[in-house]
Every structure is written in C-alpha cells, then in structure tokens.
Chemist: 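Let me give you the structure first, and then I'll get to my questions.
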Number of protein chains: 2
Amino acid sequence: MAPQANGIAAVRPEGMSAALGREIIGGTLQPGEILTLDSLQGRFGVSRTVARDGVKVLESLGLLYSKRRVGLVVTAEDQWNVYAPSVIAWRLESEHSRKAYVELSQLRIAVEPEAAELAAQHRSEEQMEELLALASKMRRLGEAGRLEEFMVADVAFHRLLLEAGGNTMFTALGDVVAEVLTGRTHHGLMPERPKPEALDAHDAVARGIAQQDTRTARENMQLLVDEVRRALEE
Amino acid sequence: MAPQANGIAAVRPEGMSAALGREIIGGTLQPGEILTLDSLQGRFGVSRTVARDGVKVLESLGLLYSKRRVGLVVTAEDQWNVYAPSVIAWRLESEHSRKAYVELSQLRIAVEPEAAELAAQHRSEEQMEELLALASKMRRLGEAGRLEEFMVADVAFHRLLLEAGGNTMFTALGDVVAEVLTGRTHHGLMPERPKPEALDAHDAVARGIAQQDTRTARENMQLLVDEVRRALEE
DNA sequence: TGGTTGAGAAAAATCACACCTTTTCGAGAA
DNA sequence: TTCTCGAAAAGGTGTGATTTTTCTCAACCA
C-alpha cells in the first residue's frame, strides 16, 4: 500500500523536513524565527527543489508557513497539526516527550470508552471473534509474563476495537494507542505481570462487544482507562 | 498569525490541491485510480513545479501517494489524515458530509467530558472568569432566542474549555467542535430556543471548573454530550 | 505632525527545460 | 519455459529566468 505504512515511531529517511521538523518541535527553532529557502539550501546542501519540497511538507504539518518577501516563519505549538503521525513521532522524540506522552494518554482515556460502546454497536461477526480471541491470547501471554508478546496482542486488541466502531476518526487513533502501549512497555512502566483485573476487564470488554452490550463494553473499558489515569497521576 | 488562521470550513484559494482533494474525498476519484503529473499539468494548466507542490500536499494528507514509473495513486479512506483541517473541511463539503458530521460529533462526545475534567484541574484564573462570563452570556442570548450570537458564544465556551485543560491535542479539537456547533445551527437542527437544561448544564460546567470540582464539571458536560448523542440517534 | 503614496528591493512563487533514477515490461536469447 | 537485458515511462532533481507579492522607507501632500 502506501509507502509509509509504518507506525508513528518508525524513522524514515526523509532528510531535510524531518531534521527541521525535529528542530522546530524540539524548540531549537523558536516560534517566529525566520528561515529562507536559501539558508536551507546552504545548510543541508540541497537544491531549491528539495528545499521547497521539504518546506511544503512542514507547512502542511503547520510547523511553519512561508510568506513572500519575508521567508519561512516558524509557528508556535498551537498551530501544529498534533494529530499528524510525524508530528506525534517528533514530539515523542523531543525533550518534552513526557508531556507528549501524557497528552496522548489523556486522549486515549477520553476516546476508548466511547469507542468500546461504538464497537459494541457496529462490530462485524469477524471482528467480534477476533476480539474474543485476542482477549484470551492476552490472558495467556500475560499470565505467562511474556510482556513483549502481550503488548503486541494488546495493541492489536485496541486497534481492532477502535476500528470496529466504524468511525474513521477513532480508527485513526490506533497509532496513538499503539504508541502509548509500546511506550509503556519499553520504558519499563509495566508490572512484571499484567494485573489480573486488567485481563478480566479486557475479557469483559470483548464479551460486551460480542453480545452488543454497550454498557458492559463501556464500563469495563472505563475500568481500564481509569487505571491508566491513576498511573499517569504518579 | 498564520495566513490560514481561519476555521475548518473557510475556503482558501489553494488551487490544484484543493480541487483534487475534493475529488478524492468526494469519490469522483476512486481509490487505486492513477494520475500522472503530466495529466495534472494539462488539466490545471500549471507547470510541473506547481503540480508537484500540489501533489506533495495531498501526499502529506494521505490522499494519494506517488510511485515511480506508475504515477500518482489515489488512496482509500483509511489512509487519509482525517484530523487535518483541510481533510475535515473537504469531508464536510462532500456528499458524505452526513457521515463526517456524525463522526466529528462522536469524537466530541468522547472528548469533552474528559476535557472538562482537565479544565477543572488546570484552568487559569483568567480562563475561569472568561468561562463563567461566557456561560451567562449564553443564558442571556439563549433566552432571547438570538441563535446566531448564542452559537458564537457556545463555540467560544467550548474552545476555551478545551484549551484550558492544557492538552494541545484537545485544544486542536476546538475547530472540530466549532464546526459541529455551527453546522447544527446553520442546518436548522437547533430548537427555537436552547433548552433550559442545556443552559443550566453550561453554567454548572463553568462553575465546576471555577471551583476546580472535576466531578461537577465532568458530569454536567456529560449531560450536554448525552443530549448530542440522543440527537444523533434520530 | 501625520498620514498617504510611490519606488525599490527582497524573497517566495512560478515557469520552462534538461537531465537523473527507478521500475516495469517485453523481446529475444539460452 | 525461463532468464537477461535493454528500452520506455514516470516521477525526482537541479538550474536559470521571470513574475508576483509585500515590506520598507522615504518623499510628498494636508
């Protein structure tokens, strides 16, 4: 499919725009600072064409805008397209990754209970079975303490749930959830073994969705995200 | 600041990329269809540079990708950057605007209760006063049946609330909420006069945030979005 | 004094064109 | 039939020239 079928965190060799994007997001380039195409050509040793292409990308991410007679103006954070995969990735790489991580988690906390309810209403037979299967897989892997594999199943579970609701805007948050879940495991924020309550809740969510019981689905997802919330507050 | 400091729905004279974007999102161009730079140069009477620039933008919105020797491949909906302001705008302009509207509303329903809670925790003094002021302004305008002005205040209220939570990803949804609220009024989906319960709930949310009472803020916002949910189900 | 206008210049935007690179596909050889 | 290799197609890159926008600043009028 699309060449960028990778997740948020994958590092692509995008060259100039990636480097500049990181500088803007990391704060090396302050809002209001002004660049010129000429300076970029010099700095990165690229032609005008490439410089312009890169700028075009950053512009569409809201990281800068170009103004005739002035140059390329770096924008403030509130102008960024914070839902663009590359912006999310660069934010997570920056010094303020902690803040980015918290924000992504808060988004997840807000969205997933509603997503569970929608999934209960709109899931297909196939999605239902897959969700049940993933939930029991999670139990198996979790109880065995195989954290890495557990995480993969966890990500798949949440992705599928978001997708099953049939709302493309929720589906698009799959990468966000994936990022948060992998981040949690890779930064050692997971207990040795997933809590039994978490495993139960995943099971219950899956069953709720299977039986099209919106309330069960939502409430158990709420349990899960409340746990995330508690963890964030530390 | 940025030249596109407008909301989602504003029409910018972006030329080629906007026209193409609308065609892809509207379905005139089906996923998998293939264009070439050459054909775009011909169709829009622009040079290669401009055609490439436009393509670059659409590519970063996930609406197509370019492949050597093949051309420009139109992508399917699940690849689109549905959070990009221009994509949201084009979706709302398309024939499937109803679906887009529902999805945006569902997102709003999911996010706002959490946003209210965050606002209660993080709002500044100034934001608090402004929210209280907006809530009473809404009551005044609502009771007077001045729907258009009411809507403006309503948008300002929700925008500020999202911002006050201090989460940039929530703040960025201000445009979404604005779009949904203006859409509701302009499509005649609002009652003659806003329901008193809605006015009360806005007041209560503002008071909750003012007193940093997360529960009051959340619960009353929940009342508001539950009403939106009910309206959607018709 | 103060606002308006106009000339000049800076920088992006566009155009045109030549050339490079990758990928595909078919013809012909093994 | 399969393999190889070459040509063609399409995007990618580099460059110079030209156009357009808009900022600056100074001159000019009220």
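Quick note on labels: first sequence line is chain A, next is B, and so on, each numbered from 1.
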Chemist: E149(B): what forms a salt bridge (Lys or Arg N to Asp or Glu O under 4.0 Å) with it, not counting sequence neighbours?
Modeler: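 For E149(B) the salt bridge (Lys or Arg N to Asp or Glu O under 4.0 Å) partners, ignoring immediate neighbours, are R146(B).
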Chemist: For Y101(A), check ring-ring contact (aromatic ring centres under 6.0 Å, His included) against everything at least two apart and list the hits.
Modeler: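 ring-ring contact (aromatic ring centres under 6.0 Å, His included) list for Y101(A), sorted by chain: empty.
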Chemist: T168(A) and E103(B): side-chain donor and acceptor closer than 3.5 Å?
Modeler: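 Judged by distance alone, the side chains do pair up.
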Chemist: Between D175(A) and R159(A), does any side-chain N to carboxylate O distance fall below 4.0 Å?
Modeler: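 Answer for the salt bridge query: yes.
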Chemist: Does the side chain of H186(B) pick up a donor-acceptor pair with the side chain of E148(B) at under 3.5 Å?
Modeler: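 Per modelled atom types, H186(B) and E148(B) side chains form a pair under 3.5 Å.
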Chemist: If the sugar-phosphate is the primed atoms plus P, OP1 and OP2 and the base is the rest, what is the B/S/- string for nucleotides 14-22 of chain D, using protein heavy atoms under 4.0 Å?
Modeler: BBBB--BBB
Chemist: Which residues satisfy the ring-ring contact (aromatic ring centres under 6.0 Å, His included) test with H202(B), sequence neighbours excluded?
Modeler: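 With neighbours one apart ignored, the set is F157(B), H158(B).
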Chemist: According to salt bridge (Lys or Arg N to Asp or Glu O under 4.0 Å), who are the partners of E23(A), at least two apart in sequence or on a separate chain?
Modeler: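 Here the qualifying residues are R43(A).
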Chemist: With heavy atoms of chain B within less than 4.0 Å as the criterion, where does contact along DNA chain C begin and end?
Modeler: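 First-to-last contact on DNA chain C, by the 4.0 Å heavy-atom rule, is dT14(C) to dT24(C).
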Chemist: Could you tell me whether a side-chain N or O of N167(A) sits under 3.5 Å from a main-chain N or O of M169(A), the two making a donor and an acceptor?
Modeler: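 Checking the backbone N and O of M169(A) against the side chain of N167(A), a donor-acceptor pair under 3.5 Å is found.
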Chemist: Would you indicate what L35(B) reaches in the nucleic acid, counting non-hydrogen atoms under 4.0 angstrom: base, sugar-phosphate, or nothing?
Modeler: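 Sugar-phosphate contact only - L35(B) comes under 4.0 Å of backbone atoms but never of a base.
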Chemist: Whole angstrom is fine here: how far is it from CG in L72(B) over to P in dA10(D)?
Modeler: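 About 11 Å, once rounded to whole Å.
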